[in-house]
2 protein chains.
Amino acid sequence: MPKSIARTYSRYTEDALAVLASLIRSARVQQRISAQQLAERAGISRSTLQRIEKADPKCEIGIVFELASLLGIALFDASPSSGELRRYRTLQEEKLTLLPERVRQPAREVDDDF
Amino acid sequence: MPKSIARTYSRYTEDALAVLASLIRSARVQQRISAQQLAERAGISRSTLQRIEKADPKCEIGIVFELASLLGIALFDASPSSGELRRYRTLQEEKLTLLPERVRQPAREVDDDF
DNA sequence: ATAATTTGACCGTTATATGAATCATAGATT
DNA sequence: AATCTATGATTCATATAACGGTCAAATTAT
């Protein structure tokens with residue numbers, strides 16, 4: 001991550017992060033699991049869990065999703081136990097194969113206008 | 001991330017990552033945006049976008065969500081343009097304030113059994 | 001009221017994600 | 001068919017995410 005860039009995020013992104021963060025904390029508290037316990041089950045440190053529950057954008061998405069999985073939080077409207085996501089994945093990947101593999105800019109008009 | 005841990009992910013997590021990855025690629029291709037162009041708009045490098053479209057779990061969640069935002073992909077059933085997510089966020093955060101701030105293990109029975 | 005544990009806030013270290021660059025391939029347009 | 005650009009695959013350098021620990025504060029259970 002060279003060239004330290006101060007990254008900005010859209011409101012939508014910040015809202016989505018905040019939603020997921022509070023869903024995680026709500027689920028954890030409702031299930032009476034301490035931060036330490038959840039972190040251990042997820043194989044992460046308590047400090048990382050802290051950042052996630054604070055909606056820090058700079059966390060590995062895999063870890064965050066794994067927490068959702070452990071806590072039974074639905075992603076893409078599919079609960080971890082339902083198995084729906086697998087089908088959605090297959091469907092979505094099939095759709096992808098129907099699209100062109102590459103995108104190309106339409107050739108510029110040769111006679112450039114002024 | 002000291003103590004190099006080989007992290008594992010549940011099927012649910014992998015599916016969710018794959019769904020999001022193919023949603024991103026599908027949207028990008030359908031909107032005829034090249035990887036380079038999208039990366040620039042998102043303020044990331046093309047190589048990072050490549051990893052995200054390959055469902056790599058070790059990417060910043062903020063970047064991934066920002067791509068969803070740019071491409072109009074719905075997170076938590078709310079399109080970026082709708083503004084629904086903001087309300088959902090507020091609601092969810094209010095719910096959180098109603099829960100106990102800490103979790104505590106119920107005290108063990110004093111008269112331990114043998 | 002007391003006790004004890006959870007949580008928040010740090011900090012230093014280390015593994016690693018990201019950025020930048022290059023090269024080969026091949027798909028899309030003409 | 002030919003051209004040209006988009007993509008995939010690598011590699012290296014660097015900023016930083018995650019870890020592990022500590023300490024104080026405060027909430028919850030007794």
Side-chain angles (χ1 to χ4, degrees), chain A residues 1-9 17 21-22 24-26 28-64 66-67 96-111, chain B residues 1-9 17 21-22 24-26 28-64 66-67 96-111:
Chain A
M1 193 183 261
K3 207 55 137 353
S4 186
I5 302 169
R7 220 184 285 285
T8 69
Y9 302 92
L17 287 168
S22 49
I24 287 174
R25 177 168 252 261
S26 288
R28 178 177 70 78
V29 172
Q30 280 179 332
Q31 297 173 32
R32 317 205 66 122
I33 306 173
S34 75
Q36 183 63 45
Q37 286 176 328
L38 180 57
E40 283 170 8
R41 293 189 203 177
I44 64 176
S45 65
R46 189 170 69 91
S47 43
T48 297
L49 177 57
Q50 261 185 322
R51 290 177 50 218
I52 292 172
E53 288 190 349
K54 264 197 287 186
D56 190 321
K58 307 186 155 235
C59 296
E60 292 184 11
I61 190 171
I63 294 179
V64 181
E66 193 64 24
L67 287 172
L96 195 50
T97 65
L98 303 181
L99 294 177
E101 302 183 1
R102 294 174 185 212
V103 162
R104 187 133 181 189
Q105 300 300 340
R108 280 173 55 54
E109 301 297 327
V110 183
D111 53 286
Chain B
M1 189 185 261
K3 208 56 141 353
S4 185
I5 302 171
R7 221 184 285 284
T8 68
Y9 302 92
L17 288 168
S22 48
I24 287 174
R25 179 169 251 261
S26 288
R28 177 176 70 78
V29 172
Q30 280 180 332
Q31 296 173 31
R32 315 204 67 120
I33 306 172
S34 74
Q36 182 64 46
Q37 286 176 328
L38 180 57
E40 282 170 9
R41 293 188 203 177
I44 63 175
S45 64
R46 189 170 67 91
S47 45
T48 296
L49 177 57
Q50 262 186 322
R51 290 177 50 217
I52 292 171
E53 288 190 349
K54 266 197 288 188
D56 190 320
K58 305 185 159 239
C59 296
E60 291 183 12
I61 190 171
I63 294 179
V64 182
E66 192 64 23
L67 288 171
L96 194 49
T97 64
L98 302 180
L99 294 178
E101 302 181 5
R102 294 174 185 210
V103 162
R104 188 135 181 187
Q105 301 298 344
R108 282 174 52 56
E109 301 297 327
V110 184
D111 53 287

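In this text, all values refer to a predicted model and were calculated from it rather than measured experimentally. Lettering of chains follows the sequences in order, A, B, ..., and the numbering in each one begins at 1.
Taking a 4.0 Å limit (strictly below) on heavy-atom distances, residues 37-45 of chain B reaches DNA chain C at B:Gly43, B:Ile44, B:Ser45.
The shortest distance between side-chain heavy atoms of A:Ile44 and A:Glu66 does not fall below 4.5 Å. A:Val64 is listed as a side-chain neighbour of A:Ile24, based on a closest heavy-atom distance under 4.5 Å. A 4.5 Å side-chain heavy-atom check between B:Arg41 and B:Ile33 finds at least one atom pair inside the cut-off.
The CG-P distance, from A:Leu49 to D:dG20, rounds to 14 Å in whole Å. If you measure from atom CD of A:Gln36 to atom C1' of D:dG20, you get 10 Å, rounded to the nearest angstrom. In this entry the distance linking CZ of A:Arg32 with C1' of C:dT7 reads 15 Å, nearest Å. Rounded to whole Å, the distance from CD on B:Glu53 to C1' on D:dA9 is 15 Å. A:Ile61 places its CD1 atom 15 Å from the P atom of D:dA17, with the value rounded to the nearest Å. Look at CZ on A:Arg28: it is 12 Å from C1' on C:dG8, rounded to the nearest Å. We find that CG of A:Leu99 is positioned 14 Å from C1' of C:dG27, with the value rounded to whole Å. As rounded to whole Å, 8 Å separates atom C1' of C:dT7 from atom CZ of A:Arg25.
In this model, the phosphate group of D:dA17 is not approached by any side-chain N or O of B:Lys58 to a distance below 4.0 Å at OP1 or OP2. Between B:Arg7 and the phosphate of D:dC19, there is a side-chain N or O to OP1/OP2 separation shorter than 4.0 Å.
By the neighbour-count criterion of 12 heavy atoms within 6.0 Å, atom CZ of A:Arg7 is densely surrounded, having more than that number from other residues, nucleotides or ligands.
Each of B:Arg104 and B:Cys59 was matched to the nucleotide of DNA chain C holding its nearest heavy atom; the match closer to the 5' end belongs to B:Arg104. Of the two residues near DNA chain C, B:Ser4 and B:Glu101, the one whose nearest nucleotide lies more 5' is B:Glu101.
In the set C:dA17, C:dG27, C:dG19, C:dG19 carries the atom at the smallest distance from any side-chain atom of B:Thr48.
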Quick test: give all pairs of protein nitrogen or oxygen and nucleotides 21-25 of chain C nitrogen or oxygen below 3.5 Å, distance rounded to 0.1 Å.
none

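A donor-acceptor contact under 3.5 Å is not formed by the side chain of A:Arg51 with the base of D:dA17.
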